[in-house]
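Here the structure is laid out as structure tokens; the discussion comes afterwards.
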Amino acid sequence: MVAVKYMGEYDYIPSIPAAAVFIALFGITTILHCWQMFRGRSWFFIAFICGGIFEIVGYTARIVSSKQYPNYTKPALAIQAVFVLVAPSLLAASIYMELGRIMIVTGGEHLSPIRRSWLTKIFVVGDVVSFFVQAGGAGMLVKASTAAKGGDIIKVGLIIQIIFFGLFIVTSIIFHFKLEKHGSRVLQQNNIPWKKHQTVLYVGSLLIFVRSIFRYVEYNEGSSGTLLQHEFWSYIFDAALMLLAMIGFNMVHPAEISRLLEERKGGHGMELIG
């Protein structure tokens with residue numbers, strides 16, 4: 001067997017069938033999300049769709065790299081490392097924005113532990129920072145001279161993501177319980193199906209949270225670690241979890257929230273950013 005040269009390089013031949021299956025599945029759910037977004041005018045979900053595209057590109061590069069064993073080229077390794085690593089951050093950005101919109105349509109903005117006008121900004125900024133830190137670290141993995149530092153940078157980015165996602169989940173739960181306990185004038189006057197959207201938001205958030213913890217442990221083990229050198233772990237705790245998150249939002253798409261938001265704003269069709 002050829003020795004592993006740097007973080008991000010795997011000492012096995014990546015499975016083409018496994019990658020192809022996930023490319024197809026991510027392709028189907030991403031196309032469906034595009035249709036749902038345009039039909040429901042839920043433009044804030046563009047980042048979510050970009051996350052699906054990143055997954056497709058990343059696993060396509062993985063197929064390319066599977067034909068290069070044991071002499072992997074830097075472009076294929078870099079693309080699959082960066083795109084698969086940062087895709088969940090794009091999913092997270094849209095999830096953060098959805099909570100703010102749920103608060104608006106339910107009239108429960110005052111029940112949020114974080115001021116609604118700041119909530120989306122805080123979490124999206126944290127997500128953007130995590131995105132660029134992880135992307136920068138992943139880009140350094142393909143050079144032997146910077147691989148170790150790149151792995152450390154990725155871990156910092158993942159820690160940032162885990163912290164912000166943890167705070168986001170806590171914020172969502174507090175808002176949920178307060179809204180159930182106290183309600184709002186808007187909820188009393190309208191039948192708003194907010195609970196199902198909160199539920200899928202929790203599910204998607206938990207899946208990304210678990211995936212981020214897995215990635216942190218993987219990079220903490222190093223290039224010779226069990227998680228990095230056995231690809232089925234990556235498919236179980238990354239690809240499969242992200243696919244389930246995307247499918248979950250297919251099933252309960254935020255287009256309904258966008259429609260309710262438009263109705264509350266008088267049908268002007270302009271969505272709030274925060």
Side-chain angles (χ1 to χ4, degrees), residues 6-10 12-31 33-34 45-69 72-95 124 127-143 146-147 150-151 153-158 160-162 165 204 207-208 210-212 214-216 218-219 223 227-228 231-247 249:
Y6 42 79
M7 279 289 292
E9 181 174 359
Y10 23 78
Y12 57 79
I13 303 175
S15 171
I16 293 179
V21 166
F22 276 95
I23 289 170
L25 293 175
F26 276 119
I28 292 171
T29 183
T30 300
I31 291 172
H33 270 294
C34 288
F45 236 55
I46 289 177
F48 199 94
I49 291 172
C50 288
I53 294 173
F54 269 44
E55 295 282 7
I56 294 169
V57 174
Y59 285 104
T60 299
R62 194 171 180 86
I63 287 180
V64 173
S65 71
S66 71
K67 300 177 181 179
Q68 299 174 342
Y69 179 86
Y72 297 110
T73 61
K74 291 181 180 180
L77 279 177
I79 291 173
Q80 71 90 28
V82 174
F83 279 66
V84 172
L85 184 65
V86 303
S89 294
L90 295 169
L91 305 187
S94 290
I95 291 175
V124 170
D127 192 57
V128 170
V129 171
S130 171
F131 177 96
F132 282 109
V133 171
Q134 290 181 66
M140 297 172 67
L141 293 181
V142 296
K143 293 183 179 180
T146 59
I153 292 175
I154 287 175
K155 287 190 287 184
V156 171
L158 289 168
I160 294 173
Q161 188 173 61
I162 291 169
F165 239 112
L207 290 172
I208 296 176
V210 171
R211 177 266 178 195
S212 297
F214 160 74
R215 282 300 187 187
Y216 176 82
E218 178 187 53
Y219 280 98
S223 59
L227 297 181
L228 186 63
E231 83 175 319
F232 66 86
W233 291 117
S234 177
Y235 280 110
I236 293 173
F237 288 105
D238 192 329
L241 297 189
M242 295 306 92
L243 180 64
L244 288 174
M246 293 194 70
I247 292 174
F249 282 96

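- The nearest pair of heavy atoms linking Val129 to Ile160 is CG1-CD1, 4.0 Å.
- Among all heavy-atom pairs drawn from Met140 and Ile153, the shortest one is SD-CD1, 3.5 Å.
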For this session: Take Arg211 and Leu158 through the test side chain to side chain contact (heavy atoms under 4.5 Å, CB included) and record every step on the way to the result.
Result: CA-CA 10 Å; Arg211 177 266 178 195; Leu158 289 168; 4.1 Å; yes
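- Residues Ile79 and Val64 have side chains not in contact (no heavy-atom distance under 4.5 Å, counting atoms from C-beta outward).
- The shortest heavy-atom contact between Arg215 and Val84 is NH2-CG1, 3.7 Å.
- Heavy atoms only, all atoms of each residue included: Asp127 and Ala92 are closest at OD1-CB, 3.5 Å.
- Residues Val82 and Ala138 share a closest heavy-atom pair of CG2-CB, 3.5 Å.
- Here the straight-line distance linking atom OH of Tyr216 with atom CG of Leu227 works out to 13.0 Å at 0.5 Å rounding.
- Atom CD of Gln80 is separated from atom CG of Leu85 by 9.5 Å, given to the nearest 0.5 angstrom.
- Ring orientation note: the planes of His33 and Phe48 are tilted relative to one another, at an angle of 30° to 60°.
- Within the model, atoms SG of Cys34 and CZ of Phe45 stand 11.5 Å from one another, a figure rounded to the nearest 0.5 Å.
- Taking the side chain to side chain donor-acceptor pair (under 3.5 Å) definition, one finds that Gln161 meets it with Ser89, Ser212, sequence neighbours left out.
- The line from OH of Tyr235 to CZ of Arg62 is 5.0 Å long, rounded to the nearest 0.5 Å.
- Note: Phe22 and Phe26 have tilted aromatic rings, judged against thresholds of 30 and 60 degrees for the angle between ring planes.
- Qualifying side chain to side chain donor-acceptor pair (under 3.5 Å) partners for Thr60, counting only residues two or more places apart in sequence or in other chains: none.
- Checked against side-chain contact (heavy atoms from CB on, under 4.5 Å), Ala245 has the following partners two or more places apart in sequence or in another chain: Leu207.
- Considering every non-hydrogen atom in both Leu91 and Gly52, the closest pair reads CD2-N, 4.3 Å.
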For this session: Could you walk me through whether Tyr59 and Leu25 pass the side chain to side chain contact (heavy atoms under 4.5 Å, CB included) test, one step at a time?
Result: CA-CA 11 Å; Tyr59 285 104; Leu25 293 175; over 6 Å; no
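- Put simply, CD1 on Ile23 and CD1 on Ile56 are 8.0 Å apart, with the number rounded to the nearest 0.5 Å.
- The side-chain heavy atoms of Leu241 and Ile208, taken from C-beta on, include no pair separated by under 4.5 Å.
- The backbone N or O of Met242 sits nowhere less than 3.5 Å from a side-chain atom of Glu55 that would complete a donor-acceptor pair.
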